[in-house]
Amino acid sequence: MLSKKIEDALNAQITKEANATFYYLAMASWAQSQALDGTASFLYGHSNEENMHMHKIFNYINETGGHALVPEIKNVRNDYKSIEEVFNLILESELAVTQSVNNIVSMCYEEKDYATLNFMQWFVAEQHEEEVLFRRILDKIKLIGTDFKGIYTLDKEIGMIQVGGASQGGGHGR
Ligand code: OFO
């Protein structure tokens, strides 16, 4: 049984996962419109992954006696300046999600909710993987560059990264 405090925190996490789903979907669409097909394919996949995270929390709340709520999605940005901006924004967004996951974990200790603590461990591992992945992509952007030739190579490299989560054990194909 979930306490009201934990249920509210999990519903707030649903909002964050939903925002990430649509944020990355908008970025994927922007990349596709710029003929950055590898990046678009990676970001569509990542958007789907965030959607899966959201569903995971829906299911957990409802099976634990709570009520998972559909969030309102507001202010999705559709235009971006560059591939570098996109991945900087993603890392920033993931760091905020990690903070939110960590706050729920702390709350679980305070409330002695060990079932939710156990459930959240998956998200702790997932966030770690995502942070590593996006830092690595930003390193590649610096290394390869974004001039005419660089962008072509970079887009291909990003397109080859497989999206996968902590649940698959193997991470993001690194
Ligand atoms: Fe849901 O994994 Fe990042 O945000």
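Numbering of ligands and ligand atoms starts at 1, following listing order. Position 1 is the first residue of the sequence; numbering continues from there.
Between the side chains of Glu131 and His128, not a single donor N or O lies within less than 3.5 Å of an accepting N or O. Between the side chains of Thr98 and Gln127, at least one donor-acceptor pair of N or O atoms lies under 3.5 Å.
Using bins of under 30°, 30° to 60° and over 60° for the plane-to-plane angle, the ring pair Tyr60/Phe119 lands in the parallel bin.
Closest heavy-atom contact between Leu95 and Arg135: CD2-NH2, 3.8 Å.
For Glu85, the salt bridge (charged side-chain N to carboxylate O under 4.0 Å, His left out) criterion is met by Arg77, Lys81, not counting sequence neighbours.
Listed by chain and number, Glu17 OE1, Glu50 OE1, His53 ND1 are the protein N/O/S atoms closer than 2.8 Å to atom 1 (Fe) of ligand 1, with waters left out.
Taking the ring centroids of Phe58 and His67, they lie at or beyond the 6.0 Å cut-off.
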